[in-house]
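Here the structure comes first, spelled out in structure tokens, and everything after it is commentary.
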Protein chains: 2
Amino acid sequence: MTKPPTRIQKRNRAAILTAGLDVFSQFGFRGSTLDQIAAAAGLSKPNLLYYFPSKDAIYTALLERLLETWLAPLHQMDKDGDPVAEIVGYARRKLDMSRDYPRESRLFANEIVQGAPHIANHLSGELRVLVEEKAAIIKGWSKAGQIADVDPHHLIFSIWALTQHYADFDVQVRAVLDTDDPFAGAGPFLDHVMRSILRP
Amino acid sequence: MTKPPTRIQKRNRAAILTAGLDVFSQFGFRGSTLDQIAAAAGLSKPNLLYYFPSKDAIYTALLERLLETWLAPLHQMDKDGDPVAEIVGYARRKLDMSRDYPRESRLFANEIVQGAPHIANHLSGELRVLVEEKAAIIKGWSKAGQIADVDPHHLIFSIWALTQHYADFDVQVRAVLDTDDPFAGAGPFLDHVMRSILRP
DNA sequence: TCTTTGTTTGACCAACTGGTCAAATCAACG
DNA sequence: CGTTGATTTGACCAGTTGGTCAAACAAAGA
């Protein structure tokens, strides 16, 4: 018997989630306050709690909505495609996500570094299953001699690490680099890395 | 006219720093409380503040003491050594640090992900200078044809990313992997990656 | 218009936080 | 032992935090 959300509900819920993404990705869960989020969303704190029952609820809503977006690039990896192209393509899409959704990346980074207290079950659930499936595909390519014999799990980790690094450690990258666009150099480099390690 | 620290001072300061490392690396700066740290150090909160003037002081003391340890592996890279061996060796040492000092790695990760508010100056100072120096060496090796023509900055980033990933995203790695020791597979994989991308 | 339902807010609260302070306790040395 | 300085603590404080609530306010249909 849940009623359909009104226009105002849609607008305010969206505003809160956007504000939450901004704040949580910058300060982590405990480092963020409801006042900050409310201010960023242009609402009063009680009004914010009219739409979400608690701080935790906003945070987990964000994380769960994000998980699918985050796994999409890996889902796309096609066992019937060209092995190198599929893997390089995945890495490429992941790098694009770091460029286009750095806040989302940092939100995840914050959560995982601190032990993933809110999404531990998703990690050993959906994520694990998906990785297992794709790792098997990669293993098959290796055995068929289409790519080098690399450990598929560590290959996937390396793609995560190499791409998310640019979003998660953005300040460090920018402190070291002169460029105002670190991704300009990151793209070709990532391409080189992936092709090199996959060459049979 | 600063007096030498007593036995008790040494012990308690060390205990506080260890406790601080434990707590800060798990919850970040804002997510950690003095009570937590005091409890972990086996001291009362006022006693803790007898040795350090503030929460901030403990945190920055930790970070600065850590920075040198953290940069040591890169310092060791020798321009007169064998190029591939030097770079692979650096990556190896960095991976060892992630294995042996995961809390330190996470402390840094927490700080950097949240914009490095406490050590921004160190990043654009010491770190930047060191990276610049080593990048020049790597560039030289590339030009001499001793290694492939890779962007030295992104090469260094890739080593940071690939090694720290195992410490910083430990829960994720363990959720996906079956092994109880992710580093067992990480070592050989990292070796393969580095040698592949450096092959001229 | 009235009424019902959805929305917003000011005032408030209890728990927690970083930090202070005076007084108590301890250690060491003459 | 007594004294001096180092160490420890209970009580306390002001500011912040997540969250509540009744009352005020808007929207919209009858």
Side-chain angles (χ1 to χ4, degrees), chain A residues 1-64 107 110-111 114 117-118, chain B residues 1-64 107 110-111 114 117-118:
Chain A
M1 268 310 187
T2 42
K3 293 176 181 168
T6 69
R7 229 171 33 255
I8 296 178
Q9 277 170 9
K10 270 188 196 161
R11 169 170 50 84
N12 282 347
R13 278 179 177 274
I16 291 169
L17 287 177
T18 302
L21 179 59
D22 261 331
V23 176
F24 281 132
S25 69
Q26 208 179 340
F27 304 109
F29 178 70
R30 290 209 49 184
S32 305
T33 72
L34 286 179
D35 284 303
Q36 277 179 296
I37 298 170
L43 299 172
S44 66
K45 188 169 62 172
N47 198 9
L48 186 148
L49 288 165
Y50 172 72
Y51 291 99
F52 286 87
S54 67
K55 180 185 177 183
D56 218 280
I58 303 174
Y59 187 69
T60 51
L62 266 173
L63 276 183
E64 295 191 359
L107 184 70
N110 261 307
E111 169 71 8
Q114 302 194 3
H118 295 81
Chain B
M1 268 309 188
T2 41
K3 295 179 181 167
T6 69
R7 229 170 36 256
I8 294 177
Q9 277 170 8
K10 271 188 196 162
R11 169 169 51 84
N12 282 348
R13 278 180 177 273
I16 291 168
L17 287 177
T18 302
L21 179 58
D22 261 333
V23 176
F24 282 133
S25 68
Q26 208 179 341
F27 304 108
F29 179 70
R30 289 206 51 182
S32 304
T33 72
L34 286 179
D35 284 304
Q36 277 179 296
I37 299 170
L43 300 173
S44 66
K45 188 170 62 172
N47 199 182
L48 186 148
L49 288 165
Y50 172 73
Y51 291 100
F52 286 87
S54 67
K55 180 184 178 183
D56 220 279
I58 303 174
Y59 187 70
T60 51
L62 266 173
L63 275 183
E64 295 191 359
L107 184 71
N110 261 308
E111 169 71 8
Q114 302 195 4
H118 296 81

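Numbered from 1 within each chain, the chains take letters A, B, ... in sequence-line order. Treat the numbers as computed from the prediction; the structure is a model and nothing was measured.
For residues 9-24 of chain B, the salt bridge (Lys or Arg N to Asp or Glu O under 4.0 Å) pairs, not counting sequence neighbours, are B/D22-B/R103. Judged as a side chain to side chain donor-acceptor pair (under 3.5 Å), the pairs with a partner in residues 47-63 of chain B (not counting sequence neighbours) are, in order, B/N12-B/Y51, B/Y59-B/E111.
Contact between the side-chain N/O atoms of A/N47 and the OP1/OP2 oxygens of C/dT7 is not found at any separation under 4.0 Å. Regarding contacts with the backbone of D/dT8, a side-chain N or O of B/Y51 is found under 4.0 angstrom from either OP1 or OP2. Between B/Q9 and D/dA6 there is no side-chain N or O to OP1 or OP2 distance below 4.0 Å. Look at B/S44 and you'll find a side-chain N or O under 4.0 angstrom from OP1 or OP2 of D/dT9. For C/dG6, neither phosphate oxygen OP1 nor OP2 lies less than 4.0 angstrom from any side-chain nitrogen or oxygen of A/N12. The phosphate of D/dT8 (OP1 or OP2) has no side-chain N or O of B/Y50 nearer than 4.0 angstrom.
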With 3.5 Å as the limit, what N/O pairs link the protein to nucleotides 25-30 of chain C?
from   : atom 1 : to   : atom 2 : distance (Å)
C/dA28 : OP1    : B/R7 : NH2    : 2.9

Extract from the structure each pairing of a protein N or O with an N or O of nucleotides 15-20 of chain C at less than 3.5 Å, listing the distance.
from   : atom 1 : to    : atom 2 : distance (Å)
C/dT17 : OP1    : A/R30 : NH2    : 3.4
C/dG18 : OP1    : B/S32 : O      : 3.2
C/dG18 : OP1    : B/K55 : NZ     : 2.9
C/dG18 : OP2    : B/L34 : N      : 2.9
C/dG18 : N7     : B/K45 : NZ     : 2.9
C/dG19 : OP2    : B/K55 : N      : 2.8
C/dG19 : O6     : B/K45 : NZ     : 3.3

Kindly list each side-chain donor-acceptor pair under 3.5 angstrom involving residues 29-38 of chain A, sequence neighbours excluded, with atom names and distances?
from  : atom 1 : to    : atom 2 : distance (Å)
A/R30 : NH1    : B/G31 : O      : 2.9
A/S32 : OG     : A/V23 : O      : 3.3
A/S32 : OG     : A/G28 : O      : 2.6
A/T33 : OG1    : A/Q36 : N      : 3.1
A/Q36 : OE1    : A/T33 : N      : 3.0

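Counting all heavy atoms, side chain and backbone alike, B/A41 lies closest to B/A15 at CB-O, 3.8 Å. Considering every non-hydrogen atom in both A/I58 and A/L48, the closest pair reads CD1-CD2, 3.4 Å.
For the pair A/F27 CZ and D/dT17 P, the interatomic distance rounds to 11 Å; values are reported in whole Å. Between the C1' atom of D/dG18 and the OH atom of A/Y59 lies a distance of 17 Å, rounded to the nearest Å. Per the geometry, CD belonging to A/Q36 stands 7 Å off P belonging to D/dT17, to the nearest Å. For the pair A/F24 CZ and D/dT17 C1', the computed distance is 13 Å after rounding to whole Å. B/L48 places its CG atom 14 Å from the P atom of D/dT7, with the value rounded to the nearest Å.
Residues satisfying the side-chain contact (heavy atoms from CB on, under 4.5 Å) test with A/A39, not counting sequence neighbours, are none. Judged as a side chain to side chain donor-acceptor pair (under 3.5 Å), and not counting sequence neighbours, the contacts of B/Q114 are A/N110. Residues satisfying the side-chain contact (heavy atoms from CB on, under 4.5 Å) test with A/A61, not counting sequence neighbours, are A/L17, A/F52.
Remark: B/T18 OG1 to B/L62 CG distance equals 8.5 Å, nearest 0.5 Å. Separation of atoms CG (A/L63) and CG (A/L107) is listed at 5.0 Å; rounding is to 0.5 Å.
Within 4.0 Å of A/F52, counting heavy atoms only, lies no atom of the nucleic acid at all.
For the contact set between residues 15-22 of chain A and DNA chain C, defined by any heavy atom under 4.0 Å, there are no members.
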